[in-house]
Amino acid sequence: MIPYLSLILGFTFIPHGHCYLWHWELVSLHVIADAVIGFCYYSIPALILYFVRQRLQDIPYPAFFLLFAAFILCCGTSHLMEIWTLWYPHYWLSGAIKALTAAVSLVTVFMIFQVMPLALALPSPGQLEEANRLLAAEIQERQEAEAELIQAHQTLKFHFENTPLAVVEWDSNMQVHRWSERAEHIFGWRPEDVLKKHPSEWQFIHPEDLPEVSRIINQLWDGSQPRNTMVNRNYKKDGSVVHCEWYNSVLFDEAGKVVSIISLVQDTTQRVLAEEKLREKTKELETAISHLQRTQAQLIQSEKMSSLGQLVAGIAHEINNPVNFIYANIIHAHQYLDSLLELLGLYSKSYNQPVREIQEKAEEIDLDYLVSDLPKLISSMRSGAERIRSIVTSLRTFSRLDESDLKAVDIHSGIDSALMILQHRLNPNDIHIKNGMSGIVVIKEYGNLPQIECYPGQLNQAIINLINNAIDALEDSKIPNAECQPQNLPDWPASFPLSVPTITIKTELIDPHRVAIYIADNGPGIPESVKQRMFDPFFTTKPVGKGTGLGLSISYQIVVDKHQGRLECFSTPGQGAQFTIELPVQQKLPGLAG
């Protein structure tokens, strides 16, 4: 043990001062220099430890600072050992201290290599200064923003307290969080009556408006509509109803979560009442205008049809006399002709060989053909005269348009007269040929009807207008509507043909007191937008010059207003159209029998 101790302590070596020959100037130089270095090396770790202790919470890499302090402390100890070995040859101890210093130095260098990239990533003093400057600017901006926020809050508070609109704030539970003085003025409830309460806890929303209000409130809470407006009725504290407009906005927190709803409320009761009184006056004015238009249209059409009726009656009267003369004389002419032909036959039997002059004349006039064709010619003339008489009868029936008295009539005769007058539009004509049509087929399915008490002329006018409308629809469709599905229309005849343009007219007795007339066509149908206005005066879809827009309107007035009946249209685009007329058998008017 003693030898090893002697080896460590260096008893076998000579002090380092012998190397300097104990030259006092040289020895003093080394002693002073090593002493100053040692003092500094011991002071630096002390200061580093103090710094680390003071800034331990925010200093980066504190372990590196401690290791660096140990390294400097070891270096300082090695310098002090240099002074010690001048007089005491403990070189093994000095070497061990140096070895320890070397080890600490290696560890320090190794850590420097690890910390260096991280240290280089740290902000530079300039960057820190810029960051401090920006931070100071941000702090100043935040302070200014806080000041503006305080001012805005004060301004908002001022507006809340002085706005003519009521201010109501609802929390996340839809309970009243704020209730302004104006809200108290409008609704009558004081803040202590409603704060921290849900609207369902007191009668506030009109029951009829509650579903719509709930829908709008849900849109606010789910964020789909952060701002919206609603109009609804609310109850005041005294139970009266107030009309209000609510302007609602959602308030969010920093995380974007809805925290409350701010509602601005305006009392619109007076405005709503005033608007209703405008609306009433407007409705009255519209009704008056509509009545004036109907009256005007009816006067125009009545005057037009009255003049036409007088003209038709005059023409029918003038034609009737010569036609009757011709028709009556044709009967006698046919009898005379039969007698002459009989006499001629007797002559032929009695004189088999007539003179040459008679033979030549017989051959010239083709006597055999004349004898066989002349009765046919007379029959044809009689048929034509009968046709003219039928047309004159229809014209006379139609000429009753200006009659003003109620009469019990057979409506089938009116329908037949209308068809007779419109026959030229039903037979093949240039329009039909142009549109690929070969005329219009009319199917009549008449029921067993009693005589109907009506204004015959006006009812005939309504019927002819509806048939005219059906003809127009078929002519405008250009080709037969083979895609029509008549079963979709009420009361459509099962035998309705689809291959050609067709109008079906059907009548039936609905009950002992009502009859119905159905006028259907397999045309293109009527769009819904047109159906809504088709009975309006002067409304027409026809080009200028083709229609006045009075026909259906006049028909509606005649059936509904004049005869207390019903006129309805059933149609789907592409599936034809049907007009249904329902009429009472007897008119229940004051002063009329039955």
Side-chain angles (χ1 to χ4, degrees), residues 298 302 305-306 309 312-313 316 389-423 426 442-470 486 489-496 502-521 535 551-552 554-570 577-594:
Q298 192 169 8
S302 297
M305 299 309 296
S306 177
V312 169
R389 289 184 68 191
S390 176
I391 293 174
V392 169
T393 301
S394 297
L395 289 174
R396 293 179 66 182
T397 301
F398 180 75
S399 67
R400 295 185 299 184
L401 288 172
D402 58 342
E403 293 183 2
S404 58
D405 296 333
L406 279 171
K407 292 183 178 180
V409 298
D410 178 11
I411 61 173
H412 294 153
S413 63
I415 298 174
D416 291 337
S417 67
L419 291 174
M420 179 68 70
I421 292 171
L422 295 174
Q423 191 64 45
L426 300 172
V442 176
I443 297 176
K444 295 187 291 184
E445 296 186 3
Y446 291 164
N448 186 17
L449 302 184
Q451 288 195 332
I452 308 302
E453 192 176 56
C454 64
Y455 297 95
Q458 295 189 19
L459 186 58
N460 288 348
Q461 179 185 353
I463 292 172
I464 201 170
N465 286 343
L466 294 178
I467 298 175
N468 252 323
N469 189 76
L489 298 178
D491 302 306
W492 196 297
S495 61
F496 196 85
T502 306
I503 297 175
T504 293
I505 303 175
K506 177 182 176 182
T507 63
E508 67 174 354
L509 184 65
I510 301 176
D511 56 48
H513 306 289
R514 290 183 304 152
V515 299
I517 306 171
Y518 308 103
I519 301 175
D521 66 76
F535 295 125
L552 292 179
I554 292 295
S555 299
Y556 186 86
Q557 293 176 47
I558 291 172
V559 173
V560 177
D561 298 339
K562 203 73 173 177
H563 290 85
Q564 289 75 51
R566 288 200 309 167
L567 175 58
E568 296 179 303
C569 176
F570 302 93
Q578 174 180 306
F579 286 87
T580 300
I581 299 175
E582 288 188 13
L583 295 170
V585 175
Q586 289 184 326
Q587 294 293 318
K588 296 181 180 180
L589 298 177
L592 294 178

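Relative ring orientation between Tyr455 and His563 is described as perpendicular, the plane-to-plane angle rising above 60° on a 0-90° scale split at 30° and 60°.
Distance alone, capped at 3.5 Å, is enough to place a donor-acceptor pair between the Glu453 side chain and the Gln587 backbone. Between the side chain of Asn465 and the backbone N or O of Gln461 there is at least one donor-acceptor pair closer than 3.5 Å.
Side-chain polar atoms of Tyr446 and Glu508 form no donor-acceptor pair below 3.5 angstrom. Looking at Thr580 and Glu582, their side chains never bring a donor and an acceptor atom within 3.5 Å of each other.
The OG1 atom of Thr504 sits 11.0 Å away from atom CD1 of Ile519, with the distance rounded to the nearest 0.5 Å. Rounding to the nearest 0.5 Å places CD of Gln458 at 9.0 Å from CD1 of Ile554. Remark: Asn469 CG to Ile464 CD1 distance equals 12.5 Å, nearest 0.5 Å. Distance check, rounded to the nearest 0.5 Å: CD of Gln564 to CZ of Arg566 gives 14.0 Å. Here OG1 of Thr507 is found 3.0 Å from NE2 of His412. Values are rounded to the nearest 0.5 Å.
In this structure, Ile558 and Ser555 have side chains that are not in contact, with every pair of non-hydrogen atoms separated by 4.5 Å or more. Using a 4.5 Å cut-off on side-chain heavy atoms (C-beta onward), Leu583 and Cys454 make no contact. Here the side chains of Val515 and Ile510 are not in contact, with every heavy-atom distance at 4.5 Å or above. With contacts defined as side-chain heavy-atom distances shorter than 4.5 Å, the pair Leu426/Val442 qualifies.
Summarising the local packing, CG of Asn448 is surrounded by 12 or fewer heavy atoms from other residues, nucleotides or ligands at distances under 6.0 Å. The environment of Phe579 atom CZ is dense: over 12 non-hydrogen atoms of other residues, nucleotides or ligands sit within 6.0 angstrom.
When each of Ile581, Ile452, Asn460 is checked for a side chain to side chain contact (heavy atoms under 4.5 Å, CB included) with Ile411, only Ile452 meets the rule. Considering Leu419, Ile415, Val559 as possible partners of Ile463, the one that fulfils the side chain to side chain contact (heavy atoms under 4.5 Å, CB included) test is Ile415.
Residues Leu466 and Leu552 approach most closely at CD2-CD2, 3.6 Å, considering heavy atoms. Considering all non-hydrogen atoms of both residues, Gln451 and Val585 come closest at O-CG1, 3.9 Å. Residues Pro584 and Gly565 come closest through the heavy atom pair CD-CA, 4.3 Å.
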